[in-house]
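Any value given below was found using the heavy atoms of this structure, including those in side chains, with hydrogens, waters and symmetry copies removed.
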Amino acid sequence: MKRPPGTKHPTASRSAPPTSIARKLAILVTIAVALASVALSGVSLWQELSRYAETRTKMLVGAAQIFASASAPAVAARNAGSAYQAMKAIARMPDFRYARIDIAPGHTLAVLGGATQLDDDLRIRADGDERIPPLSLLSSHSIEVDAPIVSGGLDVGRFILVADTSDLADQLWSSLRGAMLGGLFALILGLFVAARLQRGLTRPLRELSDTIWRIRSAHAYDARVEAKSNDEVGVLIDSFNTMLEEIQTRDQRLEAHRRNLEKEVADRTQDYRAAKDAAEAANAAKSDFLATMSHEIRTPMNGVMAMAELLAAADIPQRQRRYAEVISKSGQSLLAIINDILDFSKIESGKLELERIALDPEELASDVTCLFGGRASEKGLDLAGFVSPATPSRIAGDPVRINQVIGNLVNNALKFSDRGSVSLEVGPDPGDPSRIAFAVSDTGIGIPKDKLGEIFGAFTQADQSTTRRFGGTGLGLAISRRLIKAMGGELTVESELGKGSRFAFSIPAEDRVPPPPWPGAAGDRADEPLAFLDVRGEATLEALRRYLRAAGYRVLSARDGAAPPETALMIVDPDRVPASRSERGARIVCMAALGDPSSHRRVREGRADAVLSRPLQRSEIFGLLLAIETGSPLAGLAAPESALRGRFSVFPNLRALVADDGAVNREVAIEALTRLEAIPTTVENGLEAVQAALGQEFDVVLMDVSMPELDGFEATRRIRAAESEQGRRRTPIVAVTAHVIGGAADAWRDAGMDAVLHKPFTVSSLAACLGLFFAPTENVIGPEATAPAAPQAPPRPSSTPLLDEKVLRDLASTGPRGSTAFMEKVFGIFVEQAPKSAAKMEAAFERMDIAEVGRVAHAIKSMSLNIGAGAAAAMAAELERRANLEPDGVGPDLIARMTGVLAETCVALDKKKAALSLGRQEAEA
């Protein structure tokens, strides 16, 4: 089969030329014949050598024996001449060199010829049975035969005959030449036979190769090769043809599939798109369902929880107050379950976002232990927290989520413990000091080892019967573990059935601010001070031990059988205070249980010097140890009994507009605001809210986001637009919503609202929200009310006036005589710029950019001095001083105070501006 002109065989592209089968066969035959010839030649040479050795041996031994017999009479007579005559016939022997007759060793009778012998030449004795080794002939130039001469039965001498081996080479070459000629003939014959055979083998293979080349170049899979034999080559060709048929069939199917592929792809894409849309719709439906469910549940709960809280704080009989407390606590439990489900949904959908702001680990621990202190006291459990003195005073993280995790762990520890103690430990991670470790330990029911791997699953508890016994959704630990993982940590557990559990995690401690020196940690005291402990509760006792040892104290405990020393720091329970004081100056500190005034009575009676509250707080023990080290009196550390009563921040005469379409929600807002000493005004929809906000002066607007006529978002946009067009003061607008997930949960920011208050809210959370904009005052609200959920900024110092009237008079004289337009313009600029500066300062503090905080504070100080805002200028100057000289002293409380003073100043300037405008209008009229 010929190839088209100008094309190359595929093998032509190889780096080395191909070797044909014919050439391979020729090489193979040549090698085989050569090897056979070599073997045959070797055998022939060996046989020739052996034959030569045998023949030569017989001839020389025979000749030696004959001549020895012929010369025997002469030798016996010692007749040299006769002996020589007997030897002369030897000269006619072929290859003869030398003959000699010895009559004794060293005595020769006759010699014929001459020869030089080497030590390695062959020597044999005729009277022995010696044979010449064939291989020895190759290295010997001569052969010596020694035969005895016998006369009358006696040895009379020796006959020595020497012959050379010169004819051996000729005989060997003749034999080798014959073998080579035979090998050459065999080679020629083998090549002839191979040439005849290879034609029948290579021709079909060549056809097969050419066909493969044609298929490769033209993809002609319809080509076939004809099989002309039934041997292996024929089988190979048949297999090749079968393979081509299968390939051709496959190509036909692929071609048919290719023709329909576009349609199939379009059909499947449509199916996938439909499935994707269905999945997204299902996911959206789930999210919408959760959002709607949350909204619908939270809305009526708003009335239940807020009214229950107000009812519990009212002056009602104890039994009815207890009923109200049960309602409130049940609502809080239901809200916690809803929040768990919503958090889990956010985590599952990947929409959970973590904040990264400055936080105080000690404050987090204190908040959690204080929050659960009452519950621990009710169950008779000892709850205590220990925050290592080496713990940084500030790190960057999400305080809300960290608080949620440790709160969940403490809640579980209290839930599953009926006796003993629960402890919360915070401090640098021993394995990695760049991380902060948190651990919650309890003495509760414990977890079986085979269940430890299951407790972190969603909707799972170690024993499903615990759901009925203790309650809960089984989501708390699953959410906590995922939150910690998102923060770069891992939540672990160690537990033993019946002996309690320990949950621990550590997170990166970024942007660390070193802690203040622990009192007495320097260890430079002359004598080691003593501390004596006699308190109930293993967790509280251990925390006290660790705090005191860190301060250099040697700690003795009544639990260990120690007696109280006469001169020592004594920390005891109220019922264990000594009846009489030692005259040697022992200091006595009482541990105050929640709601128990007996510790404070011990202080008033002079039997104790100070009070530490339960659960134990690091800040209190720090203050106690610092007072002792500096020699300060301990009396100031005793908290008044009224501190045990709940306090709310109140806002006297605060004008609040409430926009809500729900009658229950409006009633709740009215009651809550009235309890906070604010003045509420209500409207039922967004349109009325816009009209009221633009028609009257309000300090704050509580705007429900879901209302008829006009929703809260659009109502806020219209209010903001009117404020901008008319140059009105910006009124704080708080979104009040039951949406915590979904698009409506974060839409308040885009609408121009200033904060969000989620339903159901309590009086405490409402007070905390209002505290973001206005400086509050404290007022006791009932004996069992709770403290605000978020820390409030303390009011500005009363010693500094909000506005300096002298500076205002000087400012008024700067403008045209009798004109107030200049004052109104200056006031307006300050009111417009102050919130922006406050926001910039807060953003810088969240980034822990204290230098930027100082620069913003300097700018606030300058503009405050120019306008006579004395309190704002003084606060900004203090903030600037700390930012430049004491960066660690810049905390969230100082930032909140600055923001609060600015807000108060803006309100006062707005009033001044309104009065000036009214006076100008009256003058013009």
Side-chain angles (χ1 to χ4, degrees), residues 302 651-663 665-674 676-739 744 747-759 761 766-767 769-775 824 827-828 830-832 834-836 838-839 902-915 917-918 921:
N302 188 50
F651 305 84
N653 301 320
L654 180 75
R655 294 166 299 175
L657 173 63
V658 178
D660 200 307
D661 61 318
N665 291 334
R666 293 196 300 272
E667 185 66 24
V668 169
I670 290 173
E671 290 295 328
L673 289 168
T674 302
L676 297 179
E677 302 183 11
I679 303 173
T681 301
T682 63
V683 294
E684 298 183 7
N685 57 58
L687 193 58
E688 294 179 0
V690 175
Q691 296 171 352
L694 299 180
Q696 302 180 47
E697 287 269 345
F698 289 100
D699 298 312
V700 68
V701 178
L702 303 180
M703 183 80 73
D704 185 32
V705 300
S706 302
M707 293 183 292
E709 301 292 340
L710 202 65
D711 64 31
F713 301 132
E714 184 58 30
T716 299
R717 293 188 186 96
R718 294 189 183 184
I719 292 174
R720 294 302 185 219
E723 288 174 346
S724 177
E725 293 173 0
Q726 302 172 16
R728 297 170 61 94
R729 173 182 65 86
R730 179 184 174 93
T731 303
I733 300 179
V734 177
V736 182
T737 177
H739 293 289
W748 59 272
R749 292 187 178 89
D750 298 331
M753 297 179 172
D754 301 287
V756 63
L757 181 64
H758 288 112
K759 299 177 183 178
F761 63 82
L766 175 60
C769 182
L770 295 177
L772 299 175
F773 309 102
F774 309 102
E824 292 178 41
F827 291 167
F830 185 96
V831 170
E832 180 182 0
K836 296 179 181 179
L902 284 176
E904 281 189 87
T905 303
C906 289
V907 172
L909 289 177
D910 268 336
K911 292 179 180 179
K912 286 280 187 181
K913 181 182 176 184
S917 177
L918 181 61
Q921 292 174 4

What's the separation between atom CG in Leu676 and atom CZ in Phe774, rounded to the nearest 0.5 Å? 12.5 Å
Is any side-chain heavy atom of Thr737 closer than 4.5 Å to a side-chain heavy atom of His758? yes
Interatomic distance, CD@Glu697 vs CG@Leu657, rounded to 0.5 Å, equals 12.5 Å
Could you grab the distance from atom CG of Leu694 to atom OG1 of Thr731, nearest 0.5 Å is fine? 8.5 Å
What is the minimum heavy-atom distance between Met753 and Thr716, and which atoms define it? CE-OG1, 3.0 Å
Please determine whether a side-chain nitrogen of the Lys or Arg among Asp754 and Arg720 lies less than 4.0 Å from a carboxylate oxygen of the Asp or Glu. yes
What heavy-atom pair brings Cys769 and Ala755 nearest, and what distance separates the two atoms? SG-CB, 4.4 Å
Using a 4.5 Å cut-off on heavy atoms from C-beta on, say whether the side chain of Asp661 contacts that of Asn685. no
Keeping the roles fixed (side chain from Glu714, backbone from Leu710), state whether a donor-acceptor pair exists under 3.5 Å. no
dist Thr681:OG1 -> Phe698:CZ (nearest 0.5 Å) comes out at 4.0 Å
Close side-chain approach of Val734 to Phe773, heavy-atom, < 4.5 Å: yes
What closest approach, in Å, do Asp660 and Arg666 show between heavy atoms, and which atom pair accounts for it? O-NH1, 2.8 Å
Is there side-chain contact between Ile670 and Val658, with heavy atoms separated by less than 4.5 Å? no
Mind listing the closest non-hydrogen atom pair of Pro680 and Thr674 along with its distance? CG-OG1, 4.0 Å
Quick one: does Met703's side chain get under 4.5 Å of Ile719's, heavy atoms only? yes
From Thr905 atom OG1 to Phe830 atom CZ, the distance as rounded to the nearest 0.5 Å: 5.5 Å
Spatial distance of atom CG (Leu673) from atom CG (Leu766) [nearest 0.5 Å]: 5.0 Å
Has the side chain of Asp704 got a donor or acceptor atom that lies under 3.5 Å from a matching backbone atom of Ala659? no
Do Glu684 and Glu709 have side chains that get closer than 4.5 Å, going by heavy atoms? no
Minimum heavy-atom distance between Leu902 and Ala834, given as atom pair plus value: CD1-O, 4.0 Å
